[in-house]
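See below for the structure under consideration.
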Amino acid sequence: MNSSEQVDVTNTPERRILDLSHIGMQSALSLGRFHYTRVAPGIRKQCHANWLVLQYALRGSHSYYVDGKSLEIRGGQGLRILPGEEYSSRFQKEQRGDLVWLILQVKPLPVGADLGMTETGVKDVFVRLLDGKLPAEFLFGEDLKASIEEVFGAWERRRDPLMQELIRNRIASVVLASALCMEKSEAEEMESQNSRRVGEVMRWLEQNIEMELTVEEMARVAGLSVPHFFREFKRFTGTSPNDFLLQKKVDRAAVRLAEKPPPTVTQIAHELGFSSSQYFSTVFRRYRGMSPTEWRSARSPSSPS
């Protein structure tokens, strides 16, 4: 490692960094994690001559300025920062979420076996990770995320030789999986990205089900134009965004109708953002085949079976 570059391993309540040299790793220098529960100051300008930085957004949205380009990664997306590239949050604050980063020593390339791979294997992986022709952003799956979580979970027991081996193995899995993720075709990447965006909107709708939401707002959350979002949402769910939202509202209403003591139909309609109890009853009948009052009566303990 270049003596002018020192790995920052300072931990704070919101930042945890694992010094991988403690378990004998050579190319993998550190694994860090930010857990933001509130808006925080952005990342100051940095540049590493000999390091490759891999960032993984586990949750939330994270904006960066890398070598003159504005980039944003969300949950399930990764970002590669090459040696010599300047990066920072610029004027952006860090939003609530979870971000993990892995720092790799890539200059010079390792000599001999490393990361549990043969000399040829580890060089092939690093050459791909350093390929400037590949996009800086990439998508990663649950297997990579699970490997990251295992490392942090096992770190407190790192004095156990078997746990050290597990950590080294999982770090190698993360590095290898990252290289493989970068080789996805453009079509596969777009498909996966659109699927993830639709999934984010579906979760957002369920969390804000009491609000009167428009397709324009949903498209903004997805980061897509309205026509593109509408088309992709219907392709992945088989229904329109508005129809999906109404179904979820009716599902929530059915749960509320079964509560003891039961809220009134008007109360439920108001809670779920319907303009009137009459409109709520119309929508409920459309999806359940009966009015809210009939639904409640049919499920009352005193009702005949």
Side-chain angles (χ1 to χ4, degrees), residues 1-10 15-21 25-34 36 40-58 60-95 97-111 114-115 122-140 144-145 148 171-172 174-184 186 189-190 193 223:
M1 180 173 63
N2 189 323
S3 60
S4 65
E5 294 188 284
Q6 299 295 321
V7 179
D8 183 358
V9 291
T10 306
R15 185 178 78 167
R16 186 183 182 196
I17 303 179
L18 312 183
D19 185 347
L20 299 176
S21 67
M25 301 203 78
Q26 299 176 33
S27 298
L29 304 180
S30 66
L31 182 73
R33 183 173 195 163
F34 277 126
Y36 295 113
I43 296 176
R44 60 179 175 77
K45 184 183 292 186
Q46 301 183 49
C47 182
H48 310 297
N50 302 320
W51 299 349
L52 173 73
V53 181
L54 298 173
Q55 295 189 340
Y56 309 93
L58 303 187
S61 175
H62 308 270
S63 299
Y64 298 102
Y65 196 68
V66 182
D67 226 31
K69 298 179 181 178
S70 294
L71 300 172
E72 181 182 18
I73 55 174
R74 301 188 180 197
Q77 284 185 303
L79 176 65
R80 177 199 58 186
I81 300 170
L82 294 170
E85 289 186 331
E86 284 190 351
Y87 66 99
S88 69
S89 300
R90 211 178 187 192
F91 308 117
Q92 300 287 337
K93 297 284 189 180
E94 284 289 348
Q95 303 300 311
D98 284 280
L99 178 74
V100 169
W101 69 94
L102 176 64
I103 297 180
L104 299 171
Q105 173 89 21
V106 293
K107 289 189 175 183
L109 287 175
V111 176
D114 194 13
L115 294 171
V122 73
K123 282 187 176 179
D124 287 344
V125 168
F126 279 14
V127 165
R128 181 174 295 181
L129 289 172
L130 292 168
D131 187 348
K133 296 178 182 178
L134 295 175
E137 298 162 282
F138 59 93
L139 298 168
F140 61 87
L144 189 151
K145 182 178 178 181
I148 289 173
I171 291 292
V174 169
V175 175
L176 181 57
S178 300
L180 291 171
C181 287
M182 291 181 183
E183 278 294 279
K184 285 186 176 180
E186 186 175 344
E189 183 171 343
M190 184 61 68
Q193 187 174 24

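The figures here come from the full heavy-atom set of this structure, side chains too, leaving out hydrogens, waters and symmetry mates. What you see is a predicted model, and the numbers here were worked out from it, not measured in a lab.
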Any side-chain heavy-atom pair of [X] and [Y] under 4.5 Å:
{"X": "I103", "Y": "L20", "answer": "no"}
{"X": "L58", "Y": "F140", "answer": "yes"}
{"X": "P83", "Y": "N50", "answer": "no"}
{"X": "H62", "Y": "F34", "answer": "no"}
{"X": "L130", "Y": "L109", "answer": "yes"}

side-chain hydrogen bond (donor to acceptor under 3.5 Å, both in side chains) against [X], all qualifying residues, sequence neighbours excluded:
{"X": "Y56", "value": "S178"}
{"X": "S21", "value": "D19"}
{"X": "R128", "value": "none"}
{"X": "S27", "value": "D114"}

Exercise for the section: Search all heavy atoms of A177 against all heavy atoms of L144 and return the closest pair with its distance. Expected result: CB-CD1, 3.7 Å
From [X] atom [atom1] to [Y] atom [atom2], the distance as rounded to the nearest 0.5 Å:
{"X": "I17", "Y": "L29", "atom1": "CD1", "atom2": "CG", "answer": "12.0 Å"}
{"X": "Y87", "Y": "Q46", "atom1": "OH", "atom2": "CD", "answer": "3.5 Å"}
{"X": "W101", "Y": "L54", "atom1": "CH2", "atom2": "CG", "answer": "13.0 Å"}

Practice task
Can you sort out the partners of F126 under ring pair (Phe, Tyr, Trp, His ring centres under 6.0 Å), two or more places apart, ordered by chain and number?
Solution key: none
Practice task
Please confirm whether the backbone N or O of L139 pairs with a side-chain atom of E137, one donor and one acceptor, at under 3.5 Å?
Solution key: no
Handout entry: Check: R15 side chain, T10 main-chain N or O, donor-acceptor pair, under 3.5 Å
Key = yes
What donor-acceptor contacts under 3.5 angstrom involve side-chain atoms of residues 70-82, with partners at least two apart or in another chain?
| residue | atom | partner | partner atom | Å |
| --- | --- | --- | --- | --- |
| E72 | OE2 | S61 | OG | 2.3 |
| R74 | NH1 | V221 | O | 2.8 |
| Q77 | OE1 | R74 | N | 2.9 |
| R80 | NH1 | L129 | O | 3.0 |
| R80 | NH1 | D131 | O | 2.8 |
| R80 | NH2 | D131 | O | 3.4 |
| R80 | NH2 | L134 | O | 2.8 |

Practice task
For a side chain to side chain contact (heavy atoms under 4.5 Å, CB included) with M25, tell me which candidate from L104, L115, L18 qualifies.
Solution key: L115
Exercise for the section: Determine, step by step, whether Y64 and S89 satisfy the side chain to side chain contact (heavy atoms under 4.5 Å, CB included) criterion, reporting the C-alpha distance in whole Å, the side-chain angles of both residues, the deciding distance to 0.1 Å, and the verdict. Expected result: CA-CA 5 Å; Y64 298 102; S89 300; 3.9 Å; yes
